[in-house]
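Here is the structure we will look at, set down as C-alpha cells.
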Amino acid sequence: MTKGISRRNFLTGAALASVAAGAGLAGCAPSADKKATEAVGAADSTAQYEWEKAPEPISDIAETVDTDILVIGAGLSGCACACSAAENGGKVTVVEKTESWQGRGGGFGAINSRYMDQLGIKVDKVNAKQHWISQCASRANEDLIVKFFNNSEEASNWLLDKAEAAGCAVMVGAFYSHDDVYAEQPGYHMCMKPEGSDLKSTGFVGAEVLYNDAVKAGAEFVFNSPAVQLVKDGDKVVGCICEADGKYVQYNAAKGVVLCTGDIGGNLEMCKAYAPICVEYGQPRSQYTPVGANTGDGHKMGMWVGAQLQDLPLPTMMHPQAFCWFHGPFLFVNDNGERFMCEDTWVQGKSLAINRQPNGEAWSVFDANWPEDLVAGLPYGGGMFWDSFRPYGSDLSLAPEYFKTQIPAYIEQGIAYEADSIEELAKKIGCDASTLSKTVERYNGMCEAGEDTDYYKKPVFLTPVKEGPFYALKVGPALLTVTGGLKTDINFECLDADGKPIKGLYALGNCMGDITAVDYPINVAGNSHGRCITYGYLLGKDLAK
C-alpha cells in the first residue's frame with residue numbers, strides 16, 4: 001500500500017476494465033468508441049502515479065511487421081527465449097530499447113549441471129527449496145520454484161554447450177555459506193570469455209552467446225526500438241507498438257508476446273511506490289548497467305492490459321557491495337562507532353541492517369589475524385563478501401590470498417583504513433575514539449567469554465580485535481535489481497485480476513512476479529540468472545511448437 005492506493009484498488013473491477021479498454025486495443029476500432037474514451041478518463045481519475053495513467057491508443061502506425069513470437073527485451077531472459085524458440089523452428093523477432101543485447105553479473109545459479117556431476121556436487125533440493133520459501137516469507141509461488149528446480153539441469157547444460165563452443169572457461173564456485181540457518185547451495189557457475197576472444201562481455205557471457213546463437217538460428221533483433229504499447233484483439237494480446245526513428249512500428253505476433261524488459265530499479269518513482277525499502281540508499285547506489293535502462297516498461301504495459309502485479313512490496317536484491325567487497329563475519333560498527341547487528345548473516349540481512357544506520361553505511365573492523373580467523377570460520381559460514389571467488393574443491397587457505405591484494409586497493413581508494421591503534425582507526429573513520437574503544441572492548445570481552453550476549457553471533461565467528469594493525473572496511477548496500485513483477489501461471493502467461501491467463505502475453509526475468517517475494521533468496525546463489533536461462537529455454541520451445 002502506498003499513498004492511499006494499492007495495486008489491487010487500481011487494477012480491479014471497473015478500473016481494470018477501463019485501463020484495458022483505453023490502452024490495450026492500440027490501433028483497433030474501440031479507440032474511437034465514445035464509451036472507451038470515457039473509460040480512459042475514469043481510470044486516470046483514480047491514478048496517483050504517472051505510470052498508472054493509461055496512454056491514449058496509438059493509431060498513426062507507419063509500418064507493420066508480422067512475426068510469430070515477439071520478445072521485448074534483449075537481456076538474458078529475452079536472448080534465452082529467442083534462441084530457444086529460433087532453434088526449435090520459431091519465427092522470432094526481438095525488439096530492444098538500447099543499442100545492443102544486455103548482459104551483466106558474474107555467472108548463474110544451477111540446481112544441477114554436468115560440471116556439478118563431474119565434481120560430485122549434490123544440491124540438497126529439499127533444503128534449498130524450503131530455505132527459498134522461508135527467505136521469501138512463504139509468499140513465492142512454489143509451483144514456479146519447482147519448475148526451475150526440475151528443469152535447471154537441462155537448460156544449464158544447453159547454455160554451457162554454447163559457452164564451451166565459444167571457447168569460454170567455466171568454473172563452479174566454492175563461495176557459498178555452510179551455515180545451518182542461512183544455508184546456501186553450491187552451483188554458481190562462472191563462464192568467462194577466453195583471452196583474445198571477439199566476445200564483448202566484461203563478465204558473465206551468457207546473454208552474448210545466446211544472442212549470437214539466436215541470430216545464427218534466424219532470430220531477428222531490432223535495436224533502438226523501445227516498446228511503448230501492447231496491442232490486443234478482443235481478450236488476446238496480439239502484438240506491440242514500438243517507437244523507432246520518430247515513427248511507430250506495430251509488430252504483430254501470431255503466437256505470443258514475451259515481456260523481458262527487466263526490473264523497475266531505474267525508475268525512482270516506481271521504486272518509491274512498489275519497493276520503498278531500497279530507495280534511500282540502495283537505489284541511489286544501484287550498480288545495474290546500463291544505468292537508467294531498467295524503468296519498468298514491461299510492468300506498465302502489462303498493467304495497462306489488465307495484468308496484475310504480485311503482492312507488494314516487490315522484493316529487492318540488495319547486496320552490501322556499494323564500497324568494499326570484503327567484510328566477512330567480523331565486528332560491524334556504524335559511523336558512530338557502535339555495534340548494531342549480528343554479523344554472521346546473509347547478504348540481504350546485512351544490507352537491510354546497514355540501510356537503517358546513519359548514512360546507510362557501516363565498517364567491518366578486524367585485526368591482523370583476519371586471514372586465520374577467516375579460514376577458521378569458512379567451514380561454518382562463508383558466501384559472498386566473506387569468501388573469495390575460489391573454484392569448488394580448492395583449499396580453504398586460498399581464501400585470504402585475493403583479499404590480501406584487495407585491502408590495500410580499498411585503502412588507496414579511500415574506502416578502507418589501516419591503523420596501529422583503535423583510537424587512530426576511529427579518527428580515520430570519523431567517529432568518537434572513546435565510543436569505538438568501548439565497543440571493541442565489550443566485543444573482545446564477549447569473544448573471550450565465548451558468548452555474544454548482545455546479538456548472539458555464533459561463537460565460532462567471535463574473533464577478537466586485539467592485535468595491530470587494525471582495519472576498517474566501509475560497507476554499504478547497493479541495489480542490483482528489484483526481482484518482482486507481473487503474476488504469471490506455470491506456463492509464464494500473465495494473469496488478470498481474476499487469476500485468469502491473458503492470452504498471448506508472457507513475462508520472464510525480472511518483469512515476472514512471484515518467483516521471489518519480500519526478499520531475494522540468496523540460498524541458491526545466482527538463481528535470478530539461472531531462472532532467466534531456464535524459463536527462457538522452456539518458453540521458447542513451447543512457443544515454437
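Just so it is clear, the structure is predicted and the values come from calculations on it, not from any experiment.
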Requested in this report: Go through the side-chain N and O atoms of Glu208 and Ser201 and say whether any donor and acceptor fall under 3.5 Å apart.
Outcome: yes
- Task: For the pair Lys147 and Glu142, evaluate salt bridge (Lys or Arg N to Asp or Glu O under 4.0 Å) and give the outcome as yes or no after the intermediate values.
- Result: CA-CA 9 Å; Lys147 189 162 188 173; Glu142 293 196 43; over 6 Å; no
Taking the side chain as everything from C-beta on, heavy atoms only, tell me whether Leu486 gets closer than 4.5 Å to Met303.
yes
**Request:** Look at Glu343 together with Lys457 and state whether they make a salt bridge at an N to O cut-off of under 4.0 Å.
**Result:** yes
Side-chain donor-acceptor contact under 3.5 Å, Ser134 with Gln130: no
Closest non-hydrogen contact found for Ile145 with Tyr535 is N-OH, 4.2 Å
Are any non-hydrogen side-chain atoms of Leu396 and Arg390 less than 4.5 angstrom apart?
yes
Test side-chain hydrogen bond (donor to acceptor under 3.5 Å, both in side chains), reference Gln287, set Arg104, His319, Gln321, output is Gln321
(request) Go through the steps to decide whether Trp51 and Tyr274 satisfy the test ring pair (Phe, Tyr, Trp, His ring centres under 6.0 Å), and finish with yes or no. (result) CA-CA 12 Å; Trp51 66 88; Tyr274 296 156; 5.7 Å; yes
Rounded to the nearest 0.5 angstrom, the OG-CZ distance for Ser364 and Phe330 is 6.5 Å
So CD of Gln185 and OG of Ser177: to nearest 0.5 Å the spacing works out to 10.5 Å
Smallest heavy-atom separation, Pro276 atom then Pro313 atom, equals CD-CB, 4.3 Å
Should Thr488 and Asp514 be marked as a side-chain contact (heavy atoms from CB on, under 4.5 Å) after you check the CA-CA gap, both sets of side-chain angles, and the distance that decides it? CA-CA 8 Å; Thr488 75; Asp514 282 340; over 6 Å; no
CE of Met270 to NE2 of His299, rounded to nearest 0.5 Å, is 6.0 Å
Closest non-hydrogen atoms of Ala174 and Gly393, given as atom of the first, atom of the second and distance, are CB-N, 4.4 Å
Q.
Quick one, Asn151 with Tyr537, criterion side chain to side chain donor-acceptor pair (under 3.5 Å). Give me CA distance, side-chain angles, the key distance, then yes/no.
A. CA-CA 9 Å; Asn151 294 279; Tyr537 171 76; over 6 Å; no
| message | The test is side-chain contact (heavy atoms from CB on, under 4.5 Å); show your working for Leu119 and Val172 and say whether it passes. | response | CA-CA 9 Å; Leu119 291 167; Val172 181; 3.9 Å; yes
Does either side chain, that of Gln135 or that of Asp519, offer a donor lying less than 3.5 Å from an acceptor on the other one?
no
TODO: Apply the test side-chain contact (heavy atoms from CB on, under 4.5 Å) to residues Gln348 and Ile522: give CA-CA distance (whole Å), side-chain angles for both, the deciding distance (0.1 Å), then the verdict.
DONE: CA-CA 8 Å; Gln348 187 87 349; Ile522 196 63; over 6 Å; no
Heavy atoms of Ala217 and Ala86 approach each other most closely as CB-CB, 3.6 Å
The side-chain hydrogen bond (donor to acceptor under 3.5 Å, both in side chains) partner of Thr481 among Asp263, Thr316, Asn294 is Asp263
Around atom OH of Tyr380, are there more than 12 heavy atoms of other residues, nucleotides or ligands at under 6.0 Å?
no
(request) Would you please say whether a donor-acceptor pair under 3.5 Å links the side chains of His189 and Ser113? (result) yes
| query | Do the side-chain N and O atoms of Asn510 and Arg531 include a donor-acceptor pair separated by under 3.5 angstrom? | reply | yes
**Q.** Heavy-atom check, side chain of Met341 versus side chain of Gln357, under 4.5 Å
**A.** no
_Heavy-atom side-chain contact between Cys494 and Lys487 under 4.5 Å_ = no
Test item: side-chain donor near acceptor, Thr261 and Lys97, under 3.5 Å:
no
Pair Tyr176 + Tyr188: ring centers closer than 6.0 Å: no
Modelled atom types, side-chain donor and acceptor of Glu361 and Tyr281, under 3.5 Å: no
In Trp346, Phe326, Trp325, the residue satisfying ring pair (Phe, Tyr, Trp, His ring centres under 6.0 Å) with Phe385 is Trp325
Here the gap from Phe389 atom CZ to Met384 atom CE, rounded to the nearest 0.5 Å, amounts to 8.0 Å
Using side-chain heavy atoms (C-beta onward) and a distance below 4.5 Å, is Leu495 in contact with Gln308? no
Heavy atoms of Cys240 and Leu70 approach each other most closely as CB-CD2, 3.6 Å
Side chain to side chain donor-acceptor pair (under 3.5 Å) pairs touching residues 68-93, sequence neighbours excluded, are Thr67-Thr93, Glu87-Trp158, Glu87-Lys162
d(Cys260 SG, Leu539 CG) to nearest 0.5 Å is 7.5 Å
- Is a salt bridge present between Glu280 and Arg285, judged by a nitrogen-to-oxygen distance below 4.0 Å? no
Item to complete: Taking the side chain as every heavy atom from C-beta outward, state whether Tyr211 and Cys83 have any atom pair closer than 4.5 Å.
Response: no
Contacts of Tyr251 meeting ring pair (Phe, Tyr, Trp, His ring centres under 6.0 Å) (sequence neighbours excluded), chain-then-number -> none
The reported gap from CG in Leu160 to CD in Glu153 (rounded to nearest 0.5 angstrom) is 10.5 Å
May I ask you to decide whether Lys458 forms a salt bridge with Asp179, counting only side-chain N to carboxylate O separations under 4.0 Å? yes
Closest non-hydrogen atoms of Leu538 and Phe492, given as atom of the first, atom of the second and distance, are CB-CE1, 4.3 Å
Worksheet item: Heavy-atom distance under 4.5 Å between the side chains of Val92 and Glu220, does that happen here?
Response: no
Item checked: Over 12 foreign heavy atoms within 6.0 Å of CG, Asp235 -> no
**Message:** Tell me whether the count of non-hydrogen atoms from other residues, nucleotides or ligands lying under 6.0 Å of CZ in Phe340 goes above 12.
**Reply:** yes
Answer yes when Lys255 and Asp542 have at least one side-chain N-carboxylate O distance shorter than 4.0 Å, and no when they do not. no
- prompt: In terms of side-chain heavy atoms, does Thr516 have a donor or acceptor partner in Gln310 at a distance below 3.5 Å?
  reply: no
Are any of the side-chain heavy atoms of Asn112 and Val123 separated by less than 4.5 Å?
no
message: Check this for me: Ile277, atom CD1, are more than 12 non-hydrogen atoms of other residues, nucleotides or ligands nearer than 6.0 Å?
response: no
Self-check item: Arg139 atom CZ: more than 12 heavy-atom contacts under 6.0 Å
Solution: no
